[in-house]
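The chain is numbered in sequence order, starting from 1. Ligands are counted one by one from 1 in listed order, and the atoms in each one are counted from 1 as well.
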Amino acid sequence: MIQETEYEKRRTLVANSMKKHSVAIVHSATHKTRSNDTEYPFRQDSNFYYLTGFKEDNACLMIVKNKKMFKTILFVEKKDAIKELWTGKRLGRVDAKQVFNVDKVYEIDLFEDIFAKNKELKQHLYFDFKLNYLRFKALKRISKGISTHINIAKNIEKMRLIKSDAEVKLIKKALLITKKAHHKAMRLEKLGKNEYELQASIENIFKKNGAYSDAYTSIVAGGNSANTLHYISNDKTLVDGDLILIDAGCEYDYYASDITRTIPVSGKFSKAQKELYEMVLDVQVKIIKMIKQGVMRTDLHKKSEELLCKGMIELGILKGNVKKLLKKKAHKKYYPHGIGHWMGLDVHDEAPYLNKKGNEIPLEEGMVLTIEPGIYCDENDKDIPKKYRGIGIRIEDDILVTKGGYENLSIDIVKEIADIENT
Ligand code: GLY
Ligand code: MN
Ligand code: MN
């Protein structure tokens with residue numbers, strides 16, 4: 001759990017990043033319609049949650065900064081017995097003031113009045129443009145005299161790049177649950193014959209262990225389906241002799257995990273599957289070992305391209321010389337994605353990859369990223385040996401950059417062939 005003092009510290013850091021005489025506004029997420037009058041499960045906006053820990057919709061954080069001081073105001077929905085009868089209890093203004101160490105809490109209906117009152121301070125308006133464009137337009141209307149409009153999301157997302165101990169603890173907890181789900185999937189014979197049954201088993205374990213949601217739609221891809229990178233239909237029957245690529249991770253208390261394992265339906269890898277799998281695993285292990293402070297993520301990616309290209313030549317998938325093939329981008333047909341991404345409150349964490357000058361941000365203690373090389377051999381690809389057609393493999397772990405190098409946070413989720421076969 002993240003303590004209120006940590007949220008308070010984050011709000012202070014955002015305030016410190018703001019210009020004098022400015023106001024920042026960060027909105028909660030809004031409900032999204034699924035069909036007619038049903039909605040998708042509500043998920044709080046990550047930036048708003050990062051600054052408040054507040055889980056309700058129809059809320060807003062305002063930071064008002066004058067020359068030296070700043071104050072924080074939380075706007076929450078009014079308590080309403082009839083509404084609460086249908087959709088559940090709300091904290092309300094009075095209780096919210098008890099829980100959150102902000103200077104003021106008001107009901108959301110007062111938002112525009114309060115905003116207008118602070119007019120003399122608002123030379124600069126910080127706003128999350130992406131989240132609520134209509135609100136932004138309304139604010140612009142009532143805030144004539146504001147000289148600049150600045151995207152507040154950038155300030156918050158930069159902070160999100162470095163995880164605190166409490167955040168790492170939550171990611172580790174998410175991974176503990178995700179481990180159970182993947183290990184159970186490796187004992188497939190008891191779980192059913194279809195991709196969706198396997199998906200249900202994985203997500204059952206998430207929920208059973210207190211992770212109420214997946215961090216992204218699970219990918220359970222048998223055989224050739226693994227060659228569709230974001231395959232989420234998960235509606236096919238599993239075929240003995242095929243591999244299954246499972247890219248699934250739970251979200252625990254708002255923090256993601258993101259794990260891919262590729263396992264055999266029958267419990268045993270074939271010779272051809274082993275050859276491809278060992279090659280990808282070897283690359284993944286080598287890239288993880290390169291991780292330390294100061295290293296660039298794009299250098300990890302380039303190295304993974306080089307190693308995979310080399311491996312593909314050895315297996316007869318590509319023909320020619322590594323340098324020339326890389327130059328021609330021939331490997332991209334079989335390895336079309338990046339080596340990994342930031343992870344945290346979002347599975348693809350909204351944190352910057354480049355600094356203000358447009359230069360890449362090197363790895364630093366406290367960052368969390370995935371390492372996920374893969375190889376994808378389509379069943380209809382006549383350019384590759386027949387034995388590899390229809391096989392797709394990805395192996396993905398979640399890595400914390402530490403002072404002395406790295407910590408593989410998902411090291412306990414087995415990935416060696418012998419371990420998968422024996423789990
Ligand atoms: N699960 C999506 C990804 O690996 O990026
Ligand atoms: Mn990933
Ligand atoms: Mn993934």
* Give a yes/no on ligand 1: does D258 have at least one heavy atom closer than 4.0 angstrom to it? => yes
* Name whichever N, O or S atom of D258 ends up nearest to the Mn ion (ligand 3). => OD1
* Asked: Can the ring centroids of H31 and Y40 be said to lie less than 6.0 angstrom from one another?
  -> no
* Gap between atom CG of L300 and atom OG1 of T298 - 0.5 Å precision -> 8.0 Å
* Of all N, O or S atoms in E396, which has the smallest distance to the Mn ion (ligand 2)? -> OE2
* Between F111 and F75, is a ring-ring contact (aromatic ring centres under 6.0 Å, His included) present by the stated rule, with each step listed? -> CA-CA 7 Å; F111 176 80; F75 293 86; 5.1 Å; yes
* To do: Provide the number and element of each atom of ligand 1 under 4.0 Å from a heavy atom of E396.
  => 4 (O)
* To do: Taking the six-membered ring for Trp and the full ring for Phe, Tyr or His, determine whether the centres of H124 and Y126 are under 6.0 Å apart.
  => no
* State whether K193 and E197 are salt-bridged, where the test is any N-O pair (Lys NZ or Arg NE/NH1/NH2 against Asp/Glu carboxylate O) under 4.0 Å. => no
* Lys/Arg-Asp/Glu bridge criterion (N-O < 4.0 Å) met for E379, R389 -> no
* N, O or S atom of H348 closer to the Mn ion (ligand 2) than 2.8 Å -> no
* To do: Around atom 5 (O) of ligand 1, find the nearest protein heavy atom and jot down its residue, atom name and distance.
  => H348 NE2, 2.7 Å
* Is there a heavy atom of R394 sitting under 4.0 angstrom from any atom of ligand 1? -> no
* Asked: For ligand 1, which atoms, with element, lie under 4.0 Å from some heavy atom of D247?
  -> 1 (N), 2 (C), 3 (C), 4 (O)
* Asked: Can you find an N/O atom of H341 closer than 3.5 Å to an N/O atom of ligand 1?
  -> yes
* Asked: Would you call D349-R160 a salt bridge at under 4.0 Å N-O?
  -> yes
* To do: Kindly confirm whether the Mn ion (ligand 2) is within less than 2.8 Å of some N/O/S atom in E372?
  => yes
